[in-house]
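Okay, structure first, notes after.
Residue numbering restarts at 1 for every chain, and letters A, B, ... go by the order of the sequence lines.
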Protein chains: 2
Amino acid sequence: MKETLKAFKVLSDETKMRILNILLERECCVCEVMQALEISQSKASRGLSALYDVGFLKQRKDGLWSLYSIDKDNISGYKSQLVEAVQEALKHNKKIALDKERLKKASRNGARCNSSFDGDAICQPNAT
Amino acid sequence: MKETLKAFKVLSDETKMRILNILLERECCVCEVMQALEISQSKASRGLSALYDVGFLKQRKDGLWSLYSIDKDNISGYKSQLVEAVQEALKHNKKIALDKERLKKASRNGARCNSSFDGDAICQPNAT
DNA sequence: TGCATATATGCAGGCATATGCATATAGTGA
DNA sequence: TCACTATATGCATATGCCTGCATATATGCA
């Protein structure tokens with residue numbers, strides 16, 4: 001039961017729901033998530049690891065990069081239903097569409113994420 | 001998006017998830033929910049109204065009683081997927097089975113809920 | 001009209017979560 | 001070994017949620 005509650009709770013957060021959505025497009029490193037969602041590095045990293053902890057994501061390392069993707073092979077039962085619910089709920093959402101647009105232009109180290117680009121400064125507050 | 005997040009959030013709480021589950025069995029008044037889950041009156045009432053606010057439940061009044069049930073006619077899309085995910089996640093859960101057992105014995109005013117039976121006192125802490 | 005019962009809700013305390021900031025950690029290449 | 005970059009995380013703070021307690025509200029009945 002605790003596990004189930006955690007799965008619902010992780011997804012009841014805008015950032016994490018958006019992260020899950022772009023990962024449905026393709027595998028991403030933390031850096032690309034930052035760029036796609038225009039969020040800070042710590043926010044991206046924490047969001048990803050929260051989704052990982054609950055079992056929605058798998059992770060692999062490639063040099064400096066930490067690459068996350070949907071753990072399709074291990075998502076089943078209610079968890080796959082949750083992922084489908086997220087997709088269904090947001091399939092016509094504007095913000096999500098923007099995220100996906102930006103994701104296309106995003107790239108590993110393409111933006112020199114941590115230094116020159118500072119998501120913290122750019123990211124607007126919780127406007128919906 | 002806010003609406004979607006609220007739907008996930010409401011269900012990321014044990015009490016509300018259990019309430020949703022027993023309502024899948026049948027319509028209940030607040031009193032019966034208290035008895036089935038062995039929780040306090042305010043907890044039952046607030047849980048029900050939270051689920052109502054998000055659109056999972058409908059409500060009708062019958063004299064003193066406030067009767068809640070799953071709003072099947074208006075639950076569609078991602079919300080019905082969420083309800084299904086809850087059912088799937090908890091279909092073999094022991095606590096849920098107990099809730100349903102107690103629900104069978106529960107009745108409107110059968111326990112003189114507010115006075116003699118005090119859920120607050122009986123209900124054990126958050127053991128899982 | 002007054003009492004009993006069922007439900008809703010204001011308030012306050014406690015707890016969990018989200019997040020920015022700063023920093024630690026770990027690869028990479030010179 | 002050192003500088004650089006990507007990622008993870010400790011700390012402090014702000015915010016929101018859960019819940020019990022007490023009380024208000026509403027309905028039925030004598």
Side-chain angles (χ1 to χ4, degrees), chain A residues 2 5-6 8-19 28-35 37 39-54 59-68 106-126, chain B residues 2 5-6 8-19 28-35 37 39-50 52-54 59-68 106-123 125-126:
Chain A
K2 270 226 173 87
L5 294 171
K6 271 178 63 181
F8 276 81
K9 184 155 299 183
V10 161
L11 294 176
S12 66
D13 171 80
E14 174 173 323
T15 302
K16 292 175 208 129
M17 196 175 272
R18 288 167 69 199
I19 291 177
C28 293
C29 66
V30 180
C31 193
E32 290 170 318
V33 172
M34 299 174 54
Q35 297 171 60
L37 308 199
I39 57 177
S40 71
Q41 186 270 327
S42 66
K43 204 168 174 177
S45 176
R46 283 203 161 92
L48 284 160
S49 68
L51 287 164
Y52 175 86
D53 287 342
V54 183
Q59 185 205 34
R60 69 185 178 93
K61 297 269 193 178
D62 177 13
L64 278 178
W65 291 273
S66 196
L67 297 162
Y68 290 90
S107 62
R108 285 160 70 171
N109 81 9
R112 206 51 45 85
C113 312
N114 281 330
S115 46
S116 57
F117 173 75
D118 185 351
D120 296 343
I122 294 176
C123 173
Q124 59 275 69
N126 277 348
Chain B
K2 270 223 171 91
L5 294 171
K6 271 178 62 181
F8 275 81
K9 184 155 298 182
V10 161
L11 294 176
S12 66
D13 172 81
E14 174 172 324
T15 302
K16 293 175 207 129
M17 196 176 273
R18 287 167 68 197
I19 290 177
C28 292
C29 67
V30 180
C31 192
E32 290 170 317
V33 172
M34 299 174 54
Q35 296 171 62
L37 308 199
I39 57 177
S40 72
Q41 186 269 327
S42 67
K43 204 169 174 177
S45 175
R46 283 204 161 91
L48 285 161
S49 67
Y52 175 86
D53 287 342
V54 183
Q59 184 204 35
R60 69 185 179 92
K61 297 270 192 176
D62 177 14
L64 279 178
W65 292 273
S66 195
L67 298 162
Y68 290 90
S107 63
R108 286 159 68 171
N109 82 9
R112 204 51 45 85
C113 312
N114 281 330
S115 46
S116 57
F117 172 75
D118 185 352
D120 297 342
I122 293 176
C123 175
N126 277 349

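Take A:Ser49 and apply the side chain to side chain contact (heavy atoms under 4.5 Å, CB included) test, not counting sequence neighbours, and it matches no residue. Residues meeting the side chain to side chain donor-acceptor pair (under 3.5 Å) test with A:Ser66, sequence neighbours left out: A:Gln59.
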Output one line per pair: protein atom, nucleotide atom from nucleotides 25-30 of chain D, and distance, for all N/O pairs under 3.5 Å.
none

Between the protein and nucleotides 13-16 of chain C, which nitrogen or oxygen pairs come in under 3.5 angstrom?
none

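Put simply, the side chain of B:Gln41 never gets that close to the backbone of B:Cys31: no donor and acceptor are under 3.5 Å apart.
To the nearest 0.5 angstrom, A:Ile19 atom CD1 is 4.5 Å from A:Leu48 atom CG. The NZ atom of A:Lys9 lies 11.5 Å from the CG atom of B:Leu11; values are rounded to the nearest 0.5 Å. Atom CD of A:Glu32 and atom OH of A:Tyr68 lie 13.0 Å apart (nearest 0.5 Å). A distance of 13.0 Å separates SG in B:Cys28 from CE in B:Met34, rounded to the nearest 0.5 Å. Distance check, rounded to the nearest 0.5 Å: CG of B:Leu37 to CD of B:Glu14 gives 9.0 Å.
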Watson-Crick and G-U pairing of DNA chain D, under 3.5 Å, as dot-bracket with | and [ ]: ||||||||||||||||||||||||||||||
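One can place NZ of B:Lys16 at 7 Å from C1' of D:dC18, the figure rounded to the nearest angstrom. For the pair B:Glu32 CD and C:dA6 C1', the computed distance is 12 Å after rounding to whole Å. When rounded to the nearest whole Å, the span between CZ of A:Phe8 and C1' of D:dC17 equals 18 Å. Distance, A:Gln41 CD to C:dA22 P: 14 Å, rounded to whole Å. Rounded to a whole Å, the CZ atom of B:Arg46 is 10 Å from the C1' atom of D:dC21. Separating the CG atom of B:Asp13 from the P atom of C:dT17 is a distance of 12 Å, rounded to the nearest angstrom. Rounded to an integer number of Å, the gap from A:Ile19 CD1 to C:dA18 P is 11 Å. As a whole-Å value, the separation of A:Glu14 CD from D:dT15 P is 17 Å.
Counting all heavy atoms, side chain and backbone alike, B:Val10 lies closest to B:Ala50 at CG2-O, 4.1 Å. Here the shortest heavy-atom pairing between A:Leu67 and A:Cys29 reads CD2-CB, 3.6 Å.
With salt bridges taken as basic N to acidic carboxylate O contacts below 4.0 Å, one links A:Asp62 and A:Arg108.
Position along DNA chain C of the nearest nucleotide to B:Ser45 versus A:Thr15 favours B:Ser45 as the more 5'-ward residue.
When heavy atoms are screened at a 4.0 angstrom cut-off, B:Tyr68 is found touching the sugar-phosphate backbone but no base atom.
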